[in-house]
Each structure stands twice: as C-alpha cells, then as structure tokens.
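Sequential numbering from 1 along the given sequence is applied to the chain's residues. For ligands, and for the atoms within them, numbers begin at 1 and follow the listed sequence.
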Amino acid sequence: MQHLVRPCFTDTGYVYAKRAEEVARKHGFDRVARLASNENPRPPPPAAVEAGIAALRGVNRYPDERMEALKEALRRCHGDYRFVAGVGMDGVIETIIRAVVEPGEQVVVATPTFSFYGISATAHGARVTNVPRNEDFSVDADAFIDACARSKLAFLCSPNNPTGNSTPPATVRRILDEIDGLLFLDNAYVDFSDLDYRPLMRSHENLIIGRTMSKIFSLAGLRVGYAFVPAWLEPFYERAATPFALNSVSAAAAIGALSDTEHVAATQEHVRAWRRRFMEETPFPAFPSDANFVMLDVAPYTGDEMVDLLAARGVLVRSCTGFQNLGEHYIRVSIGEDWENERFLEAVRSL
Ligand SMILES: *Cc1c(COP(=O)(O)O)cnc(C)c1O
C-alpha cells in the first residue's frame, strides 16, 4: 500500500537524534550525555510546572482558541507586539507556510540550516530554493535577495542551526528592505546571543520572528512556539491554523515559564561559560557560536563516524551530514550539564 504515500515522504523526513537509552544499553552506560538536540538540561521553571498542573484540572474544556492569556504574557515579556502561537515553532512554521504558499510557488532557504523549513514547504507542494551561505557560513545577502525576487516566503535562521553564527541585524534590515515577500527569521537561539531583532518588527511589515519555549525555557516536551507577526497577518494565520492546536496545559506552563527571569539568566551564564571551554578545549576546530551548541569540524572523521565513536564513550552528539550544503565532516554538540560536557571533552580528547 506504500504507493498511496506522497513521494515527498517515501524517502526523506525529519532526522531525529539517536535514542539515548538504546545507545546507553548497547555500551553498558547507566547514563549518557545527551548533547544531540540542543535542549536545556536544566529542569523546567517551577512556575511552569505549577501552572501546568493547575491547568490539567480544567482540560474538560477546549483551550482559548485565541490564546489571549499567553499573548498577554508575551506582551509583558517583550512589549506591545502582535503574536501568534503554535505547537512548537515547527507548528508555527507549518501554519505560516499553509497561510501563504500555494502549491508550485517558491520558498527560499539560506542553507546549511534547520531542515524543517524545506521539509514543511515541500510537504505543502512548494518548490524549495536553497541559497548556499558563504564559506564562513555568513549569509550571501545578494544571492538571497536575488532568489527572493520570485518568492513570497523566505527562511533565515539566526543564530543559525547547526553552524552557530548569527546574521547581523543590519543585514536582515537590508534583506527586508529589498525583498517583496515575507522573511521568517528563526530566533530559536537568540536568547543565547547578545542580539535583538525585535526593533525590526516596528519598521517592517514583511518580517516574522519565530521563537520557541523548547530551548532556553526548558519546555521542549510541551511543544510551545510563537512568533512576532505583522498585524495584517495575524487574522489569516488564525484561519490557516489547526483548530485548538496548542493545548491549554502547554499554554499555561509557557505563561509560568515566561515569568521566571532567573531561569533564563542562569542558563545564559552556564552556556556562555561552557561555549568558551568547548572552543578552547576541543582538539577539533570549533566555529564561533551564539547558541547553546557548537559545531566542530571533525575531519578526517565524518560526522557519522564521530557520532558512533562518541556514542561508544557515552556521549550523544548530532552528525551534520544530513544538512543541505554542508560537508560530511561536521558534528553539532549541545551544551549540557557539567558532567555531560566534561565527558564529551574527555571523550573527544581520547580519540
Ligand atoms: C529547535 C528548533 C526549532 C523548533 O523548536 P520547537 O519549538 O521545539 O518546534 C526551530 N528552529 C530551530 C532552528 C531549532 O533549532
């Protein structure tokens, strides 16, 4: 019956990190260092857990379809902007594509980068144009702008996954000035950088800034994402969205998490300190990162070989071989707890 499945799903899809438990069992570790998915090893903020539990008692009712309480919390956090929410930023990305792109139309992506933009666009019948980044992984703004001439929607990730570098806000501004369509700026890791792109929302009607509660806020399992959107787009996003997509428990926990600034500050401090150590202490060249992970050039090993070598030493990292327009010899290592990071450094030095 497989012939019934659309071709875009028969041979590709999102690549998940190797399951930690499997590897641990295979190599006899009672715990493994989980450095493959850029999660925050810190447990969720207590206020998030409490709010989530309280909300569970009311789940006989559908959630507020407009997510007013969450949007109010976001305005307290960021100021007076328009927001949309979804099931992870992935859910937001999917809904934006659904709202904007007709089958056969073009979506532009600056690669190498997060794979889901291309996967989701393809799944919606779009044609994806990948614009390769420069050798240092900075965005080739001229090529990106040229490609956008025939496109309604383009994706740019900053800080970028998996390379870790950021695109300066001035470059983003130039892109916004020169394209006619929408730019989706993925800010999943912006809390780990010193950059702030939010002011661009005030001057440009073609900017969407995606955010997630999965990374710095430690809520990956609850699947909450949101975006800053121009006011004109908000009602159409709501029409395109799956009804009641974001559940009330996740939304309540997200509101709780947003109130905990200590959690954010402690995570930032931890990540900054370890990012420095990863840069200085790995025997392989590391690329400067504004995120909670570092990409390493592990040549002469391939990324896949290095994943296996480190798994055998109780450390899970992500091979970058699946990323478009990136060589075979890179891995991405998340910053985890102290013992996880120490084990990674020890393992990588032992090779
Ligand atoms: C993790 C990640 C996301 C998705 O986050 P969710 O909110 O968990 O769906 C989006 N973009 C990038 C670049 C990411 O790394």
Side-chain angles (χ1 to χ4, degrees), residues 13-17 34-41 44 48 67 70 74 83-98 107 109-121 123 130 133 137 139 153-167 172 183-193 195 197 208-228 241-242 245-247 250-251 253-254 257-258 267 271 287 289-295 317-320 322-326 330-336:
Y14 189 80
V15 179
Y16 294 91
R34 306 174 74 126
L35 307 181
S37 299
N38 302 341
E39 296 148 341
N40 190 341
M67 288 285 144
L70 176 56
L74 290 169
F83 297 99
V84 295
V87 181
M89 195 205 300
D90 296 337
V92 174
I93 290 166
E94 194 153 73
T95 303
I96 298 278
I97 291 173
R98 186 139 53 142
V107 167
V109 181
T111 54
T113 194
F114 188 55
S115 64
F116 188 67
Y117 319 127
I119 292 171
S120 182
N130 292 316
R133 289 167 173 260
F137 303 118
V139 172
L153 181 62
F155 287 91
L156 179 59
C157 187
S158 183
N160 187 40
N161 180 2
T163 55
N165 63 306
S166 299
T167 302
V172 176
L183 178 72
F184 187 101
L185 181 71
D186 184 331
N187 268 182
Y189 300 99
V190 78
D191 296 304
F192 303 105
S193 79
L195 296 166
Y197 300 88
I208 301 166
I209 298 181
R211 297 275 192 126
T212 176
M213 301 299 291
S214 299
K215 309 282 158 61
I216 203 162
F217 286 103
S218 300
L219 297 183
L222 286 179
R223 314 299 304 119
V224 185
Y226 65 94
F228 297 72
T242 307
L246 181 52
N247 73 74
S250 294
L258 287 167
T267 301
V271 164
F287 292 86
S289 172
D290 282 336
N292 66 338
F293 57 82
V294 171
M295 189 171 81
V317 301
R318 173 74 196 259
S319 168
C320 296
F323 287 92
Q324 296 263 347
N325 295 330
L326 187 62
Y330 298 95
I331 60 167
R332 190 192 68 197
V333 187
S334 314
I335 289 159

Heavy-atom contacts with [X] under 4.0 Å: which atoms of ligand 1 show up? List them by number with element.
X      : result
Asp90  : 4 (C), 9 (O)
Ala188 : 11 (N), 12 (C), 14 (C)
Ser214 : 6 (P), 7 (O), 8 (O)
Gly88  : 6 (P), 7 (O), 9 (O)
Thr212 : 5 (O), 6 (P), 7 (O), 8 (O)

Does a side-chain heavy-atom distance below 4.5 Å link [X] with [Y]?
X      : Y      : result
Val224 : Val87  : no
Phe114 : Asp186 : yes
Leu185 : Ile208 : no

Of the backbone atoms (N, CA, C, O) and the side-chain heavy atoms from C-beta on, which set of [X] has a member under 4.0 Å from an atom of ligand 1: side chain, backbone, both, or neither?
X      : value
Asp186 : side chain
Met213 : neither
Phe116 : neither

Take every heavy atom of Cys157, measure it against each atom of ligand 1, and state whether any distance is under 4.0 Å. yes
Between [X] and [Y], do the side chains contain an N or O donor and an N or O acceptor separated by less than 3.5 Å?
X      : Y      : value
Thr111 : Asn130 : no
Tyr189 : Asn160 : no
Arg332 : Ser289 : no

Of the listed options Tyr189, Phe184, Tyr117, Tyr226, closest to atom 15 (O) of ligand 1 (non-hydrogen atoms): Tyr189
Counting heavy atoms only, which of Arg223, Glu94, Met89, Lys215 is nearest atom 2 (C) of ligand 1? Lys215
Nearest heavy-atom approach of Ala85 to Val92 is C-CG2, 4.0 Å
cation_pi(Arg211, Tyr226) dist<6.0 Å, angle<=45: no
